[in-house]
Structures are given as C-alpha cells and as structure tokens.
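Working notes, beginning with the structure itself.
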Amino acid sequence: MNYWLFKSEPHVFSFADLKTQAPRPEPWTGVRNYQARNFMRDQMKPGDLALFYHSSCPQPGVAGVIHIASTPYPDPTQFLPSEEAFDPKATPAHPIWILVDVAWEADLPHPVSLARLRETPALADLAILRRGNRLSITPLTPDEFHAILLLSQTAPTS
DNA sequence: GCCAACGTTGGC
DNA sequence: GCCAACGTTGGC
C-alpha cells in the first residue's frame, strides 16, 4: 500500500465534486509533468489511499481522503485539440500521458489547512511544503499520511 | 496582481 | 548538451 497526495484547484474540481459522484470514480486528467506521471505509471496501485488537497483557493489544505480506483491508462485529453491539456506530439499508438481513476473514500472530521500542515513537526519533510514545489501528485510516507489524519481529528485552534 | 521558483522549450 | 527565455504554479 502506497500513500499519495493529489492537488486540485477546487474551482476546477473539488473534493466535494468527487464525493457527489461517489461511488463513481473520476479520471484524473491533465497531468503533464513527467515526475507525476511516473508516480502513476510505476508505483500507484488500485486501492492506494490518497489525500485530496485544494490549492489556489481561499482555504488551501487537505480536504478529504480518496482512493486509487484503476490501473494507469492513457489520458484521452492528450489527443483532443479542444482540450487545454492537448499534446500534439501524442498519438493513440504512442501516448505520452497517462492517468488513474480516483474515487471518494472518506470525509475528514476537519479539513487540515496549509498553515496547520506547516506548523506540524512530523510533517517537516512533506513534499508539498518544500519551497517551490509544483508537483500535482506527490508520495506520502505512511507516517505523514497518518499524521495528517490525526490532525484532522481535532478542530484547528485558531 | 505580485513574485519566487520551477519545468520545458528551443536556439546554438 | 548547454542555458537563457518563457510559461506555469501557487501562496499571499
């Protein structure tokens, strides 16, 4: 079992959107970064758990728990010129980008804000807290995953 | 809207 | 293969 963190801008696609359609999974389209792609291709397994992180929004932070619901397969948006994530170098015979399906797993008792993540010593090495981090998919250690779940058990103090 | 930081691109 | 320029990300 591996653990992951998926970033999304909630005005584009939010944890609430994913919950609304549960148990139907959502194809995680649009990843166009090789490192994030390789995590999906090489390490992700159906049943892996992940945290859904909201970025570029009034309350950035971890919104809920999701699970990986498929093996990797080609991201169809790479072939569609109408898509923002269209890649003219990709063809169905030679796809460049892949995705996995994700599905709602559980709500958190309390969302965990970016500020709380930053002030938690156990999360000092969290990938998304590193300066200049821009990866939309990052691995979590089991300890990090469980530390964030533990944080979510209590309401923020401020 | 600003700015720092990063990945990608493309000329050489 | 280098590296400057560029576009994007994301918090504030």
Side-chain angles (χ1 to χ4, degrees), chain A residues 2-20 26-44 48-66 68 72-102 104-105 107-141 143-145 147-152 154-158:
Chain A
N2 296 309
Y3 297 97
W4 307 96
L5 184 146
F6 281 60
K7 270 194 305 207
S8 179
E9 302 186 17
H11 67 91
V12 177
F13 187 74
S14 72
F15 181 69
D17 294 332
L18 188 61
K19 183 181 182 184
T20 297
E26 173 74 11
W28 197 264
T29 57
V31 171
R32 295 296 181 270
N33 172 282
Y34 288 103
Q35 205 178 340
R37 179 199 70 179
N38 294 347
F39 286 141
M40 291 192 284
R41 185 188 63 191
D42 302 334
Q43 298 183 44
M44 234 172 248
D48 282 358
L49 294 177
L51 299 176
F52 194 119
Y53 179 91
H54 286 166
S55 67
S56 295
C57 60
Q59 305 280 340
V62 175
V65 186
I66 63 179
I68 308 308
Y73 62 96
D75 179 344
T77 65
Q78 69 192 300
F79 310 127
L80 304 174
S82 60
E83 291 284 335
E84 188 181 351
F86 173 63
D87 187 336
K89 298 188 292 300
T91 65
H94 297 281
I96 298 172
W97 305 107
I98 57 164
L99 55 71
V100 295
D101 292 347
V102 301
W104 177 83
E105 173 76 20
D107 288 345
L108 294 174
H110 304 277
V112 182
S113 70
L114 174 61
R116 283 189 90 192
L117 298 176
R118 284 199 189 285
E119 70 193 18
T120 301
L123 301 175
D125 295 329
L126 198 66
I128 60 156
L129 300 184
R130 286 204 277 268
R131 221 160 56 107
N133 160 75
R134 286 168 42 183
L135 274 183
S136 59
I137 297 174
T138 51
L140 298 174
T141 68
D143 284 350
E144 288 169 340
F145 179 81
I148 294 169
L149 289 193
L150 187 61
L151 277 178
S152 79
T154 58
T157 54
S158 56

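Proteins get letters first, then strands, A, B, ... in listed order; numbering begins at 1 in each. Hydrogens, waters and symmetry mates are skipped; everything else that's a heavy atom, side chains included, is used.
Take T138(A) and apply the side chain to side chain contact (heavy atoms under 4.5 Å, CB included) test, not counting sequence neighbours, and it matches L5(A), A127(A), I128(A), N133(A), L135(A). Every residue two or more places apart in sequence or in another chain that forms a ring-ring contact (aromatic ring centres under 6.0 Å, His included) with W4(A) is listed here: F39(A). Under the rule for a side chain to side chain contact (heavy atoms under 4.5 Å, CB included), P111(A) has no partner lying at least two apart in sequence or in another chain. The ring-ring contact (aromatic ring centres under 6.0 Å, His included) check on F145(A) picks up Y3(A), with sequence neighbours excluded.
Pairs passing the side chain to side chain donor-acceptor pair (under 3.5 Å) check and including a residue from residues 76-85 of chain A, sequence neighbours excluded, read R32(A)-T77(A), D75(A)-T77(A).
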Under 3.5 Å, which protein N or O atoms sit close to an N or O of nucleotides 8-12 of chain C? Give each pair with its distance.
unit_1: dT8(C); atom_1: O2; unit_2: R134(A); atom_2: NH1; d: 3.1
unit_1: dT8(C); atom_1: O2; unit_2: R134(A); atom_2: NH2; d: 3.4
unit_1: dG10(C); atom_1: OP1; unit_2: K7(A); atom_2: NZ; d: 2.3
unit_1: dG11(C); atom_1: OP1; unit_2: Y53(A); atom_2: OH; d: 2.8
unit_1: dG11(C); atom_1: OP2; unit_2: S56(A); atom_2: N; d: 2.8

